[in-house]
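Here the structure is laid out as structure tokens; the discussion comes afterwards.
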Amino acid sequence: MRIAWIGGLDRNEAQLKRMAAQAGHRLDFHKGDTKGRGADELRSMVERADLVIVLTDVNSHGGVQLARRICQRLGRAALIVRRCGAAQFQNLLDALAARGQRDLAAALAS
């Protein structure tokens, strides 16, 4: 699964990408800046994503609103959260893995 992470501190980017990769996902990171090419890069990233995580605490209001509108227009799953640290992200990855296991079991049972 391709996950888009919008907002937050870029010092956490490497750790979050490693965690996603270990769980079999790819994480794309965007600081949420919509100035210059930021808005175009945000749109492009959301278009490629299966799941979009938008942080509101460390993100511009414009970045949050733009990400939300693009997700709605494209029908992308969006998780809007105030904050999300490494522990919360790991919980999300674990939940995605559990959901995948249930879906696989259901497909094999039918």
Pair [X] + [Y]: basic N to acidic O under 4.0 Å:
{"X": "Asp57", "Y": "Arg83", "result": "yes"}
{"X": "Glu47", "Y": "Arg43", "result": "no"}
{"X": "Arg76", "Y": "Asp50", "result": "no"}

Is there a path from Met45 to Ile80 through hydrophobic residues (I, L, V, M, F, W, Y) whose side chains come within less than 4.5 Å of each other? yes

Are Ile3 and Leu74 connected in the hydrophobic side-chain network, where two residues link if heavy atoms are under 4.5 Å apart? no

Minimum heavy-atom distance between Ala67 and Leu42, given as atom pair plus value: CA-CD2, 3.9 Å

Quick check for you: to the nearest 0.5 Å, what is the distance between [X] atom [atom1] and [Y] atom [atom2]?
{"X": "Leu16", "Y": "Gln90", "atom1": "CG", "atom2": "CD", "answer": "10.5 Å"}
{"X": "Leu93", "Y": "Leu27", "atom1": "CG", "atom2": "CG", "answer": "8.5 Å"}
{"X": "His25", "Y": "Met1", "atom1": "NE2", "atom2": "CE", "answer": "6.0 Å"}
{"X": "His61", "Y": "Thr34", "atom1": "NE2", "atom2": "OG1", "answer": "10.5 Å"}

Just do the side-chain contact (heavy atoms from CB on, under 4.5 Å) check on Leu55 and Ile6 with the steps written out, would you? CA-CA 6 Å; Leu55 280 66; Ile6 301 171; over 6 Å; no

Decide yes or no on side-chain contact (heavy atoms from CB on, under 4.5 Å) for Leu79 and Val54, but give the supporting numbers first. CA-CA 6 Å; Leu79 177 61; Val54 182; over 6 Å; no

Is the Phe29 ring parallel, tilted or perpendicular to the Trp5 ring (thresholds 30°, 60°)? parallel

Applying side-chain contact (heavy atoms from CB on, under 4.5 Å) to Leu51 and Leu96, what does each step give before you reach the verdict? CA-CA 11 Å; Leu51 170 64; Leu96 289 172; 4.2 Å; yes

Would you sort out whether Arg48 and Asp28 count as a side-chain contact (heavy atoms from CB on, under 4.5 Å), showing the intermediate values? CA-CA 9 Å; Arg48 293 188 308 266; Asp28 294 329; 3.9 Å; yes

Are the side chains of Ile53 and Leu92 in contact, using a 4.5 Å heavy-atom criterion? yes

Do side-chain atoms of Gln88 reach the backbone of Gly85 as a donor and acceptor pair under 3.5 angstrom? yes

